[in-house]
Amino acid sequence: MQMGNSADGATYGNVNSPTFVSYTVQMKDGADADKIIDAVKGQRANYPGADLNAGPGSFFGGGSSTQVFVDVTATIWIS
């Protein structure tokens, strides 16, 4: 999980909204990542005003891999 900003990230130009949250979940072998992605996207209506998204990712930044990661990102505005 990553939330907001860090000094280390800012050093390399990685600056996000302070309300930005990102989860990376490693799936078990044989797990249906599409089912998890669809379930997260299905929650959008429950969080009006938030930008909720999920999609496949790679821990190492690309290339072929036998591992599947699901990145879930959201910006939630709190008033």
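Values in this document were obtained by computation on a predicted structure and should not be read as measured data.
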Q: Using side chain to side chain contact (heavy atoms under 4.5 Å, CB included) as the criterion, list what pairs up with D38, not counting sequence neighbours.
A: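 Counting only residues at least two positions away or on another chain, D38 forms no side chain to side chain contact (heavy atoms under 4.5 Å, CB included).
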Minimum heavy-atom distance between [X] and [Y], given as atom pair plus value:
X	Y	result
N53	V40	O-CG1, 4.4 Å
M27	I36	CE-CG1, 3.5 Å
R44	L52	NE-O, 2.8 Å

Q.
Are V15 and F20 connected into the same hydrophobic cluster when the rule is that any two of I, L, V, M, F, W, Y join if their side-chain heavy atoms are below 4.5 Å apart?
A. no
